[in-house]
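Comments concern the structure below.
Order of appearance sets the numbers: ligands from 1, and atoms from 1 within every ligand. Numbers for residues simply follow the sequence, beginning at 1. Just so it is clear, the structure is predicted and the values come from calculations on it, not from any experiment.
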Amino acid sequence: MIVRVAIPRPLWSLFDYTVPGHLAEPAPGARVRVPFGTAELVGIVVETVVDADPGIELKTLAEVVDDEPVVQADILQLLRWAAAYYHHPFGDALFSALPAALRQGQQLQPLLQRFWRISDGAANVDLARAPRQRDAFNALVAAGGWASHETLLEAGVTARLLAILHEKGVIEAAPPPPARAATSAGPDFELTDEQRDATDAISTALGGFACLLLDGVTGSGKTEVYLQAIARAIERGEQALVLIPEIALTPQTLARFSQRFGSACVYHSGLTERERARAWQQCRSGGAHVLIGTRSAIFVPFSKLGLIVVDEEHDGSFKQQDGFRYSARDLAVKRAQLLDIPLLMGTATPALESLHNAQRGRYRRLTLTTRPGAATATAIRLLDIRGLHLDDGLSAPLRSAVGTALADGNQVLLFINRRGFSPAFLCTSCGWSADCARCDSRLTLHQMPPGLRCHHCGYAQPLPARCPDCARPALTAVGVGTQRSEAGIARMFPDVPVLRIDRDTTRSAARMAAHLETIRRGDPAVLVGTQMLAKGHHFPRVTLVGVLNADAGFANADFRAPEHTAQLIIQVAGRAGRAERSGEVLIQTFNPDNPALRALVSEGYAGFAATELEQRAAARLPPYRAMALLNADGTTMERALACLSALGERLRSSPVEVLGPIPAPLARRARRFRCQTVLLADHRANLGAALALLTGTHSPTRFAGVRWSIDVDPYDMF
Ligand code: ADP
Ligand code: ZN
Ligand code: ZN
């Protein structure tokens with residue numbers, strides 16, 4: 001017997017090995033140990049070889065690690081498709097989809113499916129004088145009176161305390177709790193007609209392949225629709241996978257799901273490897289009903305997956321930006337198709353690709369147009385700031401709007417997509433500017449902790465007191481980041497707390513929690529932050545949203561920048577006026593005649609998207625053509641360009657349009673020189689065929705001192 005094996009190396013080929021007679025025949029998806037070069041590696045069997053070439057002498061498998069395949073057939077199929085679609089080496093893709101323990105060839109610890117529940121005799125036992133036992137018992141009560149051993153350990157209860165409670169007859173060992181259907185813990189409100197229609201459409205779709213795009217304004221109750229649809233799937237004995245953007249997994253989100261379904265598993269990069277492996281096992285064994293995870297959760301195996309939900313489907317974090325550059329949203333479509341189940345994608349700002357798919361009838365569009373309980377829709381207004389003096393980024397009209405909102409007892413949110421104090425630090429005397437020594441970029445001035453930092457490569461240096469060139473004390477901060485507007489607001493409104501939310505502050509979970517608690521209490525406050533504000537959180541007391549500068553996003557050379565900027569603005573705007581208070585959004589701009597911005601303000605996202613799609617069609621850009629990017633970075637620009645020129649040369653007779661190579665907008669990053677070539681094709685099949693000319697075993701793909709890669713359906717051009 002001969003098996004074909006994928007190896008965890010960025011190699012285009014699979015490798016054949018003979019299975020010696022004394023070993024059991026490994027099934028596809030099982031791990032094996034194989035000799036490879038001078039080493040022994042863990043590989044995964046992809047298939048059994050029937051038409052082996054008798055002329056070639058093969059090496060022999062050293063060991064079969066798994067009796068049962070660790071990679072399920074559907075996952076194997078999904079990854080095989082993905083590796084081909086994204087032109088990434090299959091072995092590398094396959095291994096990157098496994099929890100680390102499995103990659104290294106370890107056996108997973110068998111899941112201890114131990115559960116405890118409150119026993120009938122509990123009422124007769126007095127724990128008043130055993131406070132630790134009482135706390136342990138209360139933890140079980142808080143978990144619904146029926147919980148897994150692990151859940152209780154995570155809640156801080158020790159195994160010893162559980163043993164004592166068991167001995168006293170307070171708790172008893174139990175089977176896994178039955179899935180809680182929505183009926184037992186449904187919402188305490190009536191669904192709106194639109195929510196009901198959407199829920200019905202998804203319920204009807206269960207059991208077959210369908211893509212549903214739930215286009216619902218922020219706060220319209222999309223999450224409730226997900227919960228309802230998941231409940232229907234669970235009633236059918238199926239599991240559900242919910243994909244969410246990286247930073248949207250807040251304790252509130254999790255609480256909403258576990259409240260409804262008793263428990264929900266999570267899977268994201270913040271977990272330990274052990275926790276990830278456990279979630280992986282629970283889904284595979286069927287023990288978990290719902291998994292909430294970030295993009296890599298698309299590869300988690302399920303015993304009976306019945307529904308996939310992608311929340312905020314437009315979000316860029318679903319696209320992996322390095323290595324195996326897949327889009328989890330797009331793979332969700334493929335996985336749903338392979339399993340013959342529905343995919344539900346929700347957002348207030350659909351990606352233009354998704355709208356296009358809806359127009360072509362590939363996705364079914366469901367809409368939620370109103371916010372249940374909200375008084376009025378949010379009004380968006382442009383503030384023309386040409387010629388106005390800006391005080392730490394705020395014009396006088398915006399400042400007075402903030403003052404009024406605070407005086408009325410409301411909260412204000414200010415959005416500025418730049419962290420740090422200021423994006424430039426200059427000498428007013430000689431023109432020196434603080435630049436990164438390793439990148440073509442300026443250093444950002446940070447005040448807390450003080451210093452100059454590069455946001456591209458992480459380089460940091462202390463703040464000079466005088467100009468390093470002319471030695472005069474004429475250094476000045478130019479431009480506004482979150483730290484500066486925070487300081488400015490604190491000065492203008494000294495009686496009101498100013499809470500900054502950006503990557504620098506959210507690193508501290510405790511600080512973030514304190515911020516969110518202040519916001520939840522509802523007293524007047526100003527929130528200043530980056531796009532982190534736009535996701536996951538609801539701020540019902542915010543009545544005014546200020547966008548300090550919308551222009552940079554629209555002026556960016558990336559053809560997707562207007563789309564992403566519009567999505568960001570609408571998402572941030574959606575934080576205002578949730579509860580019963582209506583909201584107002586003010587957008588400062590130096591360019592009030594920008595057609596994209598005008599369309600967004602006067603017609604909303606749908607109007608903007610329609611205009612933008614027309615422009616894409618006219619320019620023959622995605623979604624009207626398929627796109628891939630070839631990226632290269634090298635020790636010199638000449639080498640990097642030569643690599644892409646050589647690759648482009650090979651595509652000369654293919655029907656794809658080859659644009660470039662040209663130096664990337666940030667041409668030097670972390671001492672590497674970067675360039676790119678854009679490939680455009682009228683038909684996706686042509687793009688695939690062209691990229692196949694650059695990959696695979698027949699193709700000499702090495703260039704000295706240069707790394708190059710393919711990005712199919714790039715999210716960011718730069
Ligand atoms: P979205 O996900 O669309 O932004 P959510 O699902 O988070 O919106 O809903 C926003 C708020 O509205 C939540 O507090 C939710 O509990 C509430 N809500 C949802 N549906 C209804 C409804 N039918 N009636 C009253 N409140 C609702
Ligand atoms: Zn100087
Ligand atoms: Zn740098």
Side-chain angles (χ1 to χ4, degrees), residues 182 185-199 214-230 242 244-245 248 250 252-253 255-257 259-260 309-313 344-350 366-375 378 423 425-444 452-461 464-476 520 534-541 570-580 666-672 674:
D188 48 14
F189 48 72
E190 289 284 308
L191 292 187
T192 63
D193 289 345
E194 287 180 323
Q195 281 174 319
R196 197 171 298 284
D197 288 347
T199 307
L214 180 62
D215 183 353
V217 297
T218 41
S220 59
K222 294 184 288 295
T223 311
E224 186 55 42
V225 173
Y226 306 155
L227 294 170
Q228 297 283 338
I230 293 167
V242 182
I244 50 159
T250 59
Q252 294 97 302
T253 316
R256 254 174 111 176
F257 279 83
Q259 241 167 37
R260 193 65 64 86
V309 174
V310 179
D311 188 24
E312 310 293 1
E313 63 86 25
L344 172 61
M345 291 167 278
T347 176
T349 53
L366 311 167
T367 48
L368 303 179
T369 53
T370 54
R371 287 177 173 188
T378 314
F425 193 53
L426 311 173
C427 172
T428 51
S429 175
C430 75
W432 172 87
S433 81
D435 298 325
C436 180
R438 307 193 284 191
C439 309
D440 288 335
S441 74
R442 285 190 162 148
L443 296 173
T444 299
L452 293 166
R453 277 194 252 157
C454 176
H455 286 185
H456 299 288
C457 72
Y459 170 83
Q461 71 177 55
R466 290 162 172 276
C467 173
D469 269 10
C470 71
R472 292 199 187 88
L475 297 174
T476 182
R520 205 193 52 76
K535 296 179 199 175
H537 298 293
H538 294 165
F539 305 119
R541 313 291 292 202
I570 296 297
Q571 294 288 346
V572 173
R575 308 298 120 187
R578 284 210 151 193
E580 58 294 335
L666 183 68
R668 193 172 53 115
R669 186 163 86 191
R671 297 216 169 87
R672 304 278 297 183
R674 309 158 70 233

### Query
Say you draw a straight line from OG1 of Thr347 to CD of Gln571; how long is it, rounded to the nearest 0.5 Å?
5.5 Å

### Query
At the Zn ion (ligand 3), what is the angle formed between atom SG of Cys454 and atom SG of Cys439, rounded to the nearest 10°?
120°

### Message
Under a 4.0 angstrom heavy-atom cut-off, which atoms of ligand 1 come close to Glu224?
### Response
6 (O)

### Spacing of His456 atom NE2 and Thr444 atom OG1 [to the nearest 0.5 Å]
7.5 Å

### Query
What atoms in ligand 1 come closer than 4.0 Å to a heavy atom of Glu190?
22 (C), 23 (N), 24 (N)

### Message
Side chains of Cys439 and Arg668, heavy atoms from C-beta outward: is any pair under 4.5 Å?
### Response
no

### Task
Answer side chain, backbone, both or neither: which part of Pro372 comes under 4.0 Å from ligand 1, heavy atoms only.
side chain

### Summary
Within 4.0 Å of some non-hydrogen atom of Ser220, the atoms of ligand 1 are 3 (O), 8 (O)

### Task
Tally every protein N/O/S atom whose distance to the Zn ion (ligand 2) is less than 2.8 Å; waters are neither shown nor counted.
4

### Task
Answer yes or no for His455: is there an N/O/S atom below the 2.8 Å cut-off from the Zn ion (ligand 3)?
no

### Task
Determine, step by step, whether Cys470 and Cys427 satisfy the side-chain contact (heavy atoms from CB on, under 4.5 Å) criterion, reporting the C-alpha distance in whole Å, the side-chain angles of both residues, the deciding distance to 0.1 Å, and the verdict.
CA-CA 9 Å; Cys470 71; Cys427 172; 3.7 Å; yes

### Query
Would one find an N or O of Gly219, backbone or side chain, under 3.5 Å from an N or O of ligand 1?
yes

## Note on the structure
When rounded to the nearest 0.5 Å, the distance separating CZ of Arg669 from OG of Ser441 is 10.0 Å

### Message
Taking 4.0 Å as the limit for heavy-atom contacts, which would you say applies to Arg371 with ligand 1: side chain only, backbone only, both, or neither?
### Response
neither

### Task
Between Arg256 and ligand 1, find which residue part has any heavy-atom pair under 4.0 Å and reply side chain, backbone, both or neither.
side chain

### Task
Taking only heavy atoms of Thr192 into account, list the atoms of ligand 1 that are under 4.0 Å away from them.
23 (N)

### Query
Looking at ligand 1, does any of its N/O atoms fall within less than 3.5 Å of an N/O of Lys222?
yes

### Message
Testing the basics here: between Thr199 and Ala229, what is the closest heavy-atom pair and its distance to 0.1 Å?
### Response
CG2-N, 4.5 Å

### Message
When you measure from the heavy atoms of Gly216 to every atom of ligand 1, does any distance fall below 4.0 Å?
### Response
no

### Task
Could you walk me through whether Arg196 and Glu190 pass the side-chain contact (heavy atoms from CB on, under 4.5 Å) test, one step at a time?
CA-CA 9 Å; Arg196 197 171 298 284; Glu190 289 284 308; 4.0 Å; yes

### Message
Side chains of Cys467 and Ser429, heavy atoms from C-beta outward: is any pair under 4.5 Å?
### Response
no

### Value rounded to 0.5 Å, distance of CG in Leu443 from CD in Gln461
5.5 Å

### Query
Considering only heavy atoms from C-beta outward, does the side chain of Pro423 approach that of Arg442 to under 4.5 Å?
no

### Query
How long is the span from the CG atom in Leu214 to the CD atom in Gln195, to the nearest 0.5 Å?
9.0 Å

### Task
Answer yes when Glu224 and Arg260 have at least one side-chain N-carboxylate O distance shorter than 4.0 Å, and no when they do not.
yes

### Task
Please could you name the atoms of ligand 1 that Thr223 approaches to less than 4.0 Å, counting only its heavy atoms?
2 (O), 5 (P), 6 (O), 7 (O)

### Query
So which bit of Leu191 gets within less than 4.0 Å of ligand 1, heavy atoms only: side chain, backbone, both or neither?
backbone

### Summary
All heavy atoms of Cys430 vs all of Asp469, minimum pair found to be SG-CB, 4.0 Å

